Amino acid sequence: MAGTEKFVFAFEDLYGEKPNEVVSVMAKHMVLSSFANAPKHDASKKLTIDGVESSNGGRYQVQVFPTRYRPESLFLRIHEDETLRHTFVLVPDPGRVLHVNFPPYAELGDDLKRVLKDSTVEGNEDKKGEALFDALKDLRAAGLLNLYAKMKATIFEGGLDAFSFVTSLRRVRGERFFANVKKDFRDAVKNGQHTHLFDEADDSQHEPPPGYKRANSFKTQDGHGNLQVTFFRKEDELEFIADVDIDGSKGLEHAFDVISHTITGKDSHPYDIHAILLKAQEIDTGYKLVV
């Protein structure tokens, strides 16, 4: 028999604000026939579900189906006379993002502006600095800012961050960039294995450009949202370029309970990486998604 148990659910977006969104919520007991359904709930308000059954383990599967955000599913266990509170962080569906609020070029980090000024990026060879940053919007700029923020947060012994070794960009995509890097970057990353910052990773899926050969790949030891740096060495010279990306595989499921079958494609979408960095690792990428 149901007692005084209840669920109280709140909803917020990635930035801790109440979303202008409608959600449908279902809560089903994993043993008993106890079931609750709240269709078309205003996600800016809390949702209370009374008459929850705590007997037979009190374990429920709760599913949230928004309209402009990714659906989520998790298991909750409620005890006798408990009011169980949970806040769902809604992750934008990349296909429903209307626009991205990027920081003005003048507010970018000095090191990032320097790299943009010194870069010759494939497809935008005639653009430098602010013109290049504007040309990369939206997906490539989002990917660049994701990688910049993650590399700035990856600190080696001695205080240098990973981005400080980047000298210029060669190619920028939504999920990765290819860059010219200082020759001591590879040693810094390789030595990062001794401090448990990096592990060696598989580089078989990373093809070297003409005139270069593989020189190992390394990945940070995060639970998800790992920074991976794959090095290529110029043949017969001590000169390196790096393929840098963030591994978002299963990151959303682990960090937000997003239903996995909604995520498709080989590469992680930069907006999903933004969510992982912001909420799971507390790394601010400097831009906001508007759905």
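Keep in mind that this is a model prediction, so the values were computed, not measured.
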Do the side chain of Glu21 and the main chain of Thr67 share a donor and acceptor less than 3.5 angstrom apart?
yes

A side-chain contact here means heavy atoms from C-beta on lying under 4.5 Å apart; do Gln63 and Ile259 qualify?
yes

Leu108 side chain reached by Leu116 side chain, heavy atoms, under 4.5 Å:
yes

Between Val91 and Val258, what is the shortest heavy-atom contact and its length?
CG2-CG2, 4.2 Å

Does Val290 share a hydrophobic cluster with Leu145, counting links as ILVMFWY side-chain heavy atoms below 4.5 Å and allowing steps through other members?
no

Ignoring hydrogens and geometry, is there a side-chain-to-backbone donor-acceptor pair from His29 to Ser55 under 3.5 Å?
yes

With side chains defined as the heavy atoms from C-beta onward, is the minimum distance between Tyr148 and Val115 less than 4.5 Å?
no

Output all residues satisfying side-chain hydrogen bond (donor to acceptor under 3.5 Å, both in side chains) with Asp134, sequence neighbours left out; order by chain, then residue number.
Lys137

Leu197: side-chain contact (heavy atoms from CB on, under 4.5 Å) partners, not counting sequence neighbours
Thr154, Phe156, Thr195

Assess Lys279 against Phe256: is NZ or CZ under 6.0 Å from the centre of the six-membered ring, and within 45 degrees of the ring's axis?
no

How far apart are the closest heavy atoms of Arg140 and Ala135, and which atoms are they?
NH2-O, 3.2 Å

Sequence neighbours left out, what pairs pass salt bridge (Lys or Arg N to Asp or Glu O under 4.0 Å) with at least one residue falling in residues 86-115?
Asp110-Lys113, Asp111-Lys152

Residues which pass ring pair (Phe, Tyr, Trp, His ring centres under 6.0 Å) with His206, listed by chain and number, not counting sequence neighbours:
none

Qualifying salt bridge (Lys or Arg N to Asp or Glu O under 4.0 Å) pairs, either residue in residues 185-211, two or more places apart
Glu207-Arg214

Heavy-atom closest pair (Val97 atom, Tyr271 atom, distance to 0.1 Å) is CG2-CD1, 3.8 Å

Non-neighbouring partners of Phe231 that pass ring pair (Phe, Tyr, Trp, His ring centres under 6.0 Å), sequence neighbours left out
Phe185

Phe232 with Val181, same ILVMFWY side-chain cluster at under 4.5 Å
no

Apart from Met30 itself, its cluster of hydrophobic side chains linked below 4.5 Å comprises Phe75

Examine Leu112 and Ile246 and state if one hydrophobic cluster contains both, with Ile, Leu, Val, Met, Phe, Trp and Tyr joined whenever side-chain heavy atoms are less than 4.5 Å apart.
yes

Just how far is it from atom CE of Met26 to atom CD1 of Ile49, taken to the nearest 0.5 Å?
11.0 Å

Are Phe218 and Met151 in one and the same hydrophobic cluster, where Ile, Leu, Val, Met, Phe, Trp and Tyr link if side-chain heavy atoms are under 4.5 Å apart?
yes

State whether the number of non-hydrogen atoms from other residues, nucleotides or ligands found under 6.0 Å of Asn101 atom CG is greater than 12.
yes

Nearest non-hydrogen partners of Pro94 and Arg70, listed with the distance:
CD-NH2, 3.3 Å

Are Leu227 and Val244 close enough that some pair of their side-chain heavy atoms sits under 4.5 Å apart?
yes

Verdict with reasoning, Glu72 to Val62, per side-chain contact (heavy atoms from CB on, under 4.5 Å):
CA-CA 8 Å; Glu72 300 182 25; Val62 181; over 6 Å; no

Walk me through it: do Arg170 and Thr120 pass the test side-chain contact (heavy atoms from CB on, under 4.5 Å)?
CA-CA 6 Å; Arg170 300 166 63 102; Thr120 301; over 6 Å; no

Pairwise distance NZ(Lys234) to CD1(Ile241) - rounded to 0.5 angstrom
10.0 Å

For Asn146 and Tyr287, does a side-chain donor sit closer than 3.5 Å to a side-chain acceptor?
yes

Note: with side-chain heavy atoms under 4.5 Å as the link, the other cluster members for Val31 come out as Leu32

Give, for atom CG of Asp184 and atom NZ of Lys182, the distance between the pair rounded to the nearest 0.5 Å.
7.0 Å

State, yes or no, whether a side-chain contact exists between Leu169 and Leu144 at a heavy-atom distance under 4.5 Å.
yes

Do Leu160 and Phe165 make a side-chain contact, defined as non-hydrogen atoms from C-beta onward lying under 4.5 Å apart?
yes

In short, Ile283 meets Ala149 closest at the heavy-atom pair CG2-CB, 3.6 Å

So Leu74 and His86, side-chain contact (heavy atoms from CB on, under 4.5 Å) or not? Walk me through it.
CA-CA 11 Å; Leu74 81 165; His86 182 81; 3.7 Å; yes

About how many Å separate CZ of Phe198 and OG of Ser217, when rounded to the nearest 0.5 Å?
9.5 Å

Which ILVMFWY residues can you reach from Ile155 by hopping between side chains whose heavy atoms are under 4.5 Å apart?
none

Residues in ring pair (Phe, Tyr, Trp, His ring centres under 6.0 Å) contact with Phe133, at least two apart in sequence or another chain:
none

Please tell me if the side chains of Phe177 and Val121 come closer than 4.5 Å, counting only heavy atoms from C-beta onward.
no

Quick one: does any side-chain atom of Asn226 pair with a main-chain N or O of Thr220 as donor and acceptor, under 3.5 Å?
yes

Do Glu12 and Thr87 have side-chain atoms, one donor and one acceptor, less than 3.5 Å apart?
no

Do we see a donor-acceptor contact under 3.5 Å between the side chains of Thr167 and Asn180?
no

Tell me whether Gln281 contacts the main-chain N or O of His224 through its side chain, where contact means a donor paired with an acceptor under 3.5 Å.
yes

Among Glu239, Glu237, Glu235, Arg233, exactly one meets side-chain contact (heavy atoms from CB on, under 4.5 Å) together with Tyr212. Which residue is that?
Glu239

Take Leu136 and Phe102 through the test side-chain contact (heavy atoms from CB on, under 4.5 Å) and record every step on the way to the result.
CA-CA 11 Å; Leu136 295 176; Phe102 288 105; over 6 Å; no

How would you list, by chain and number, every residue that makes a salt bridge (charged side-chain N to carboxylate O under 4.0 Å, His left out) with Asp222, sequence neighbours excluded?
Lys150

Which heavy atom of Gln228 sits nearest to which heavy atom of Ala201, and what is that distance?
NE2-CB, 3.8 Å

Tell me whether Ser268 contacts the main-chain N or O of Ile273 through its side chain, where contact means a donor paired with an acceptor under 3.5 Å.
no

Strictly under 6.0 Å, is that where the ring centroids of Phe7 and Tyr60 end up?
yes

If I take atom OG1 from residue Thr48 and atom NZ from residue Lys6, how far apart are they, to the nearest 0.5 angstrom?
6.5 Å

Let me confirm one number: the CZ-CD distance from Arg59 to Gln61, rounded to the nearest 0.5 Å.
8.5 Å

Determine whether Phe11 and Val25 make a side-chain contact, defined as any pair of heavy atoms from C-beta on separated by less than 4.5 Å.
yes

Val89 and Tyr15: same hydrophobic cluster, using ILVMFWY side-chain contacts below 4.5 Å?
yes

For residues 118-129, which residue pairs qualify under salt bridge (Lys or Arg N to Asp or Glu O under 4.0 Å), counting only residues two or more places apart or in two chains?
Glu122-Arg171

